[in-house]
Amino acid sequence: MIRIRYLTMLMLLFGSISIWAQDDTFNPANPPEPEQPAMRLTLRVNPSEAGSASGSGLYSPGKKVSLNTYGNTAFRFVNWTNAEGEIVSTTKSFSYIKQEGHETLTANYVFDPDSPADPAEPSTIMFYKLALVATEGGRVYGGGSYLANKQVTLQAYPETDFYFDGWYDTEGNIISKDATYSYTTTAKHVMLTGRFVFNPGNPIEPSEPVLSRTITASATDGGTTNFSSQRVLIGSSITIYAYSNSGYTFSGWYLNGELYSQLMQFSYTVTDEAVQNFEARWEFNPDSPSEPSTPTTTKDAFFLMNKVTKPGAVVKYPIYLSSVRTLKDMTFQLTFPEEIPPDLKSVGMSERATGYTVSCKAVNDTTYILSFIGGEVPAGNAAVIVFTVPIPDNIITGKGYPIKINQVTVTDSDNNIITASTRNGRISVYHNGDANCDGVVNADDATSVTSIILDAEEVTEVADANNDGEVNLPDIMFILNYVKNGKFPNE
């Protein structure tokens, strides 16, 4: 029903477009008195990664405008302020009377994770990926990027000599046996597998179907893996490897809970076992073993963001700090992919940090050292370091580029070197107009933009196909023009 509603909305929108395309020949003999010229109302969010706002546009003075703001994970709304810093409202949604001239209103947030001792990594992704894969013998439909708690219809179609066995999660648990299944989305990325079983009509001479299995690779605190999930043919080999963070010792790879290998990298041949889940495990190993702490009691944590963007954009990228004490000198080693080096000239401190001398240097094409000496940052939870990352126009889209933080050296107010935990991030780049972030621009993205408009939600800047700062009807037209002509109207 949701897809029908979206398609109906699209048809209405497209019908409106054909009307707009006609010549404007309406000229009444006695036109009414014109309204005052419309003035722009611009909405911003501070900090920009805290969420989104809807209601900006051109309005005549005196017009009542409905404004809304939506916060991302780990951010708490504070208030709306005008350009002079005056508080306009303390509620997320309110009616605003447009004033004279162009105006800018800002929705202000503060970073406020649920657990300061172990902060949740903030995310700018408002939609969550529902990935559907099929075993040999059939097709599945219904995957995409959706808001949480949405009803999505999943459909499975078996090929000749196959029957549908059910929907399974990455743990091998069955979700439903129904080929047409109404699934409720969650606030996380999910992958479901539609399984098909070979059942030939002539069992005397059956042909052997080609089967595949889902291989997952997860990690405990202390490092990352080279992939999270892959669908691989039985009998084929894949390379699995792990990366360690500073302060941790690699313990080994565990397959379905049993130790499989103590090598950080190895080649694995996929078997016909239904469940093949690998987990990379680490042990916390601080520099001073005589006074060990554990990640669960670490008072200080530095972590990076997950950002979604498009080619040609400039990403404002922060390093967040959660601490219950004052910190002083800080040094980081950051690793970036060669495709997206950071702009070292843009590195700076937030207002929360004072008195620092900042120095940055490139060790090689992917490794950078950032040092902050002579200042201090009080206890709290907020971004302390901000820099920009230019995204090349010719970058490969449809993939995530990992950013790693390691070799962190921090001193407390007594100049003691302390241990801080770290969390890595990534910048995911999608083609302009790829509103559902599935790696291709097609009619489904126009449907996703319709969903954004109807639900007053903003996914990421890739949904803003015409780059006007808003997600609205013209973005649908840009996307459909791309689907038809292979390019956007302004290309």
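Hydrogens, waters and symmetry mates are skipped; everything else that's a heavy atom, side chains included, is used.
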### Query
Considering all heavy atoms of both residues, which atom of Thr366 and which atom of Glu338 are nearest to each other, and what is their separation?
CG2-CG, 3.4 Å
### Message
Treating Tyr59 as the side-chain partner and Ile97 as the backbone partner, does any N or O pair qualify as donor plus acceptor under 3.5 Å?
### Response
no
### Summary
Shortest non-hydrogen pair, Glu339 vs Pro392, comes out as O-CG, 3.3 Å
### Query
Heavy-atom count around Lys63 NZ within 6.0 Å, excluding the residue itself: above 12?
no
#### Entry: Pair Asn277, Glu171: side-chain N/O donor-acceptor within cut-off below 3.5 Å
yes
### Task
For Lys310 and Asn432, work out which heavy atoms get closest and say how close.
NZ-OD1, 3.0 Å
## Note on the structure
In terms of heavy-atom contacts, Asn424 and Ile405 come closest through OD1-N, 3.0 Å
### Task
Please confirm whether the backbone N or O of Asp343 pairs with a side-chain atom of Ser346, one donor and one acceptor, at under 3.5 Å?
yes
### Message
With no hydrogens and no angle check, just 3.5 Å: does a side-chain donor-acceptor pair link Thr90 and Asn79?
### Response
no
### Message
For the backbone of Gly374 and the side chain of Asp329, can you confirm whether one donor and one acceptor N or O come within less than 3.5 Å of each other?
### Response
yes
### Query
Any donor and acceptor pair, going by atom type alone, linking the side chain of Ser89 with main-chain N or O of Thr91 inside 3.5 Å?
yes
### Query
How far does CD1 of Ile391 sit from OG1 of Thr388, to the nearest 0.5 angstrom?
10.0 Å
### Query
Taking all atoms of both residues into account, what is the closest heavy-atom pair of Ser413 and Lys328, and its distance?
CA-CD, 3.6 Å
#### Entry: Trace of the side-chain contact (heavy atoms from CB on, under 4.5 Å) decision for Thr104 with Arg44
CA-CA 7 Å; Thr104 298; Arg44 303 186 185 281; 3.6 Å; yes
#### Entry: Value rounded to 0.5 Å, distance of OH in Tyr368 from SG in Cys360
11.5 Å
### Task
Give a yes or no answer on whether the side chain of Thr185 reaches the backbone of Lys150 with a donor-acceptor pair at less than 3.5 Å.
yes
### Message
For Thr81 and Asn108, which I'm curious about, is there any donor-acceptor pair between the side chains at under 3.5 Å?
### Response
yes
### Message
Between Trp80 and Lys92 (side chain of the first, backbone of the second, donor and acceptor by atom type, cut-off under 3.5 Å), is there such a pair?
### Response
yes
### Task
Measure up the Tyr183 and Tyr181 rings against each other and bin them: parallel (under 30°), tilted (30 to 60°), perpendicular (over 60°).
tilted
### Query
Can you tell if the side chain of Asn306 reaches within under 4.5 Å of the side chain of Arg426, non-hydrogen atoms only?
yes
### Taking every non-hydrogen atom, the tightest pair across Gly142 and Leu130
O-CD2, 4.1 Å
### Message
For the backbone of Lys64 and the side chain of Ser95, can you confirm whether one donor and one acceptor N or O come within less than 3.5 Å of each other?
### Response
no
### Query
Can you tell me how far CG of Leu327 sits from CZ of Phe372, rounded to the nearest 0.5 angstrom?
13.0 Å
### Task
Would you confirm whether Asp412, through its side chain, and Thr326, through its main-chain N or O, come within 3.5 Å as a donor-acceptor pair?
no
### Short side-chain to backbone donor-acceptor contact, His431 and Thr397, under 3.5 Å
no
### Task
Identify which one of Ser52, Ser54, Ser56 satisfies the side chain to side chain contact (heavy atoms under 4.5 Å, CB included) criterion when paired with Leu43.
Ser56
### Message
When you measure from the side chain of Thr184 to the backbone of Asn149, do you find a donor-acceptor pair of N or O atoms at a distance under 3.5 Å?
### Response
no
### Task
Take Glu376 and Met330 through the test side-chain contact (heavy atoms from CB on, under 4.5 Å) and record every step on the way to the result.
CA-CA 9 Å; Glu376 66 177 26; Met330 299 180 290; over 6 Å; no
### Message
Are Tyr320 and Phe302 an aromatic pair, judged by ring center distance below 6.0 Å?
### Response
no
